[in-house]
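Presented below is the structure to which this report refers.
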Amino acid sequence: MTSEDHSDSDTPETHSHSEPEREAHPYPEDVGPPSGYNPKPFAGTEVPDDPRFNAEKRSDKKSLSEVDLPLEVVSGVGLMRSHVSDYGITVDEGRFMRAVVKAMNRELEGYDLTDSMRAIRDQYEIDERKLIDLGHLKRHTGANGQIYYSVTSSGQKACRRQKKQGIAVGDVGADTPHRVGVELAKRYYESLDEVKFVEPTVRKGGNVADLIVNGHNHSRYAIVEVEGGWITADKYETEGNPGSNHYESIQNDYRLLAQSEGESVWLVRNHEIVGTVLRALRSGDDLGFTFPLDIIKKVENATMNIETLNEEHISPLQDDGIDEIATFKQFRNRLS
């Protein structure tokens with residue numbers, strides 16, 4: 001909104017060898033200047049600041065990026081009924097999946113990636129179970145009851161929106177929980193005085209950690225690996241057991257972290273994924289990682305908390321590939 005020019009519309013009379021006098025405060029004392037009044041409208045003219053023009057209050061005004069925007073409702077433009085029927089969905093279900101894709105790409109107005117997607121779902125008339133059974137959608141449940149969704153490749157075709165890849169949004173193959181974990185880690189480490197900057201990375205077929213944390217004086221503060229996987233609380237999943245079966249991938253990540261400078265930190269969805277990581281490392285014959293199976297079972301059954309695990313079992317190992325293992329909930333708590 002531009003400031004209005006409050007100078008008179010008529011050009012003032014001029015007199016030879018003299019400048020016209022301008023009234024510095026042309027408004028009654030009991031009224032004050034109007035909103036947006038600029039006390040210095042004339043270039044080169046020094047006018048004292050009007051004490052009634054409260055600069056402090058103006059500085060408190062939020063920028064557009066800081067304003068809490070309402071949650072965006074996504075349109076169905078381009079979702080022809082003939083198209084959506086080919087994928088077994090309705091137009092509203094296509095709009096919902098578009099909204100989820102936009103949220104995953106950090107493009108949905110009024111939504112923060114670390115927030116539950118429940119509010120997104122509630123804006124559309126959908127059959128959640130049908131979308132999951134058709135293979136278009138995945139549902140993930142957080143430790144505090146947050147609900148997240150991921151749109152699969154077939155779902156992206158159905159809603160005609162594609163999940164993006166990049167440092168600002170994440171790996172193209174990563175489901176929403178993985179992207180949430182990377183964002184939680186990024187925000188946490190950026191809040192530390194010891195950290196100069198944080199570098200999210202993107203996998204492109206090679207061995208790359210999810211987050212590189214740099215300290216001051218060009219030092220490496222930490223390197224972070226995020227593990228999503230699926231957990232018991234995830235509805236309608238049919239993979240058999242919670243966790244992840246990608247043991248080889250976890251073992252490769254361990255080798256990378258072990259060779260890197262700084263602390264090696266594993267950030268995982270919950271205690272079930274902690275057990276998965278420890279089992280994967282324990283099964284790697286060439287890793288030399290020994291860990292008591294009974295401790296892993298206690299963690300998986302939630303009879304041992306993660307703080308005790310780190311203090312009494314992880315830290316004493318002094319293993320270059322795993323200095324700490326933490327859950328998303330722990331990092332949320334550190335940020336609160």
Side-chain angles (χ1 to χ4, degrees), residues 100-108 111-117 120 138-144 146-152 162-192 195-215 220-231 234 243-244 246 249-250 252-254 256-257 260 262-274 276-277 280 306 321-336:
V100 173
V101 173
K102 290 193 72 172
M104 296 179 73
N105 292 341
R106 302 168 190 251
E107 297 172 341
L108 188 69
Y111 175 76
D112 184 276
L113 184 63
T114 63
D115 292 341
S116 173
M117 289 183 172
I120 300 176
K138 295 181 181 180
R139 171 176 163 143
H140 322 275
T141 304
N144 294 325
Q146 301 99 334
I147 295 175
Y148 298 108
Y149 295 98
S150 299
V151 179
T152 66
Q162 189 171 358
K163 185 169 61 175
K164 295 181 180 179
Q165 171 180 292
I167 291 176
V169 294
D171 298 346
V172 70
D175 285 342
T176 299
H178 185 273
R179 294 189 175 195
V180 170
V182 172
E183 182 64 18
L184 289 172
K186 180 176 180 291
R187 293 183 188 182
Y188 167 67
Y189 283 107
E190 285 179 340
S191 72
L192 302 181
V195 172
K196 186 174 182 180
F197 63 97
V198 179
E199 297 178 274
T201 59
V202 177
R203 296 176 188 269
K204 294 182 179 179
N207 288 333
V208 181
D210 290 304
L211 212 68
I212 297 172
V213 184
N214 295 286
R220 174 73 58 78
Y221 185 83
I223 184 166
V224 184
E225 176 59 31
V226 176
E227 291 293 335
W230 74 277
I231 61 178
D234 290 341
S244 169
H246 301 153
S249 174
I250 292 173
N252 288 336
D253 292 333
Y254 171 86
L256 175 66
L257 268 62
S260 302
E263 283 197 340
S264 298
V265 179
W266 294 75
L267 181 60
V268 303
R269 281 188 70 189
N270 76 347
H271 60 279
E272 293 173 329
I273 311 299
V274 172
T276 296
V277 170
I306 307 302
I322 180 169
D323 291 301
E324 179 187 8
I325 189 163
T327 63
F328 289 8
K329 182 177 181 179
Q330 286 177 296
F331 268 47
R332 285 184 189 275
N333 292 339
R334 294 178 189 182
L335 285 166
S336 61

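On a predicted model such as this, the values are computed, not experimentally measured, just so you know.
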Taking the side chain as every heavy atom from C-beta outward, state whether [X] and [Y] have any pair of such atoms under 4.5 Å apart.
X      : Y      : result
Met117 : Thr176 : yes
Tyr149 : Val151 : no
Asp112 : Glu183 : no
Tyr189 : Val265 : yes
Gln330 : Glu324 : no
Glu227 : Thr276 : no
Ile223 : Ser264 : yes
Trp266 : Leu257 : yes

Using every non-hydrogen atom in the two residues, find where [X] and [Y] come nearest and quote the distance to one decimal.
X      : Y      : answer
Ile306 : Thr327 : CG1-CG2, 4.0 Å
Ile120 : Ala103 : CD1-CB, 3.9 Å
Ser260 : Arg220 : CB-NH1, 4.1 Å
Leu211 : Lys186 : CD2-N, 3.6 Å
Gly228 : Arg269 : O-CD, 3.3 Å
Arg179 : Lys164 : NH2-O, 2.6 Å

Quick check: does any side chain N or O of Lys163 sit under 3.5 Å from a backbone N or O of Ala174, one acting as donor and the other as acceptor?
yes
Donor-acceptor pair, Asp210 side chain versus Glu225 backbone, under 3.5 Å?
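Between the backbone of Glu225 and the side chain of Asp210 there is no qualifying donor-acceptor contact (under 3.5 Å).
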Go through it in stages, so that I can follow the logic: the residues are Val180 and Gln146, the test is side-chain contact (heavy atoms from CB on, under 4.5 Å), and I'd like the CA-CA distance, side-chain angles, deciding distance and then a yes or no.
CA-CA 11 Å; Val180 170; Gln146 301 99 334; over 6 Å; no
For side-chain contact (heavy atoms from CB on, under 4.5 Å), just list the numbers for Arg139 and Ile147, CA-CA rounded to whole Å, side-chain angles, deciding distance to a tenth of an Å, and then say yes or no.
CA-CA 7 Å; Arg139 171 176 163 143; Ile147 295 175; 3.5 Å; yes
Before you tell me yes or no, could you show the steps for Lys138 and Asp234 under side-chain contact (heavy atoms from CB on, under 4.5 Å), namely the whole-Å CA-CA distance, both residues' side-chain angles and the distance that decides it to 0.1 Å?
CA-CA 9 Å; Lys138 295 181 181 180; Asp234 290 341; over 6 Å; no
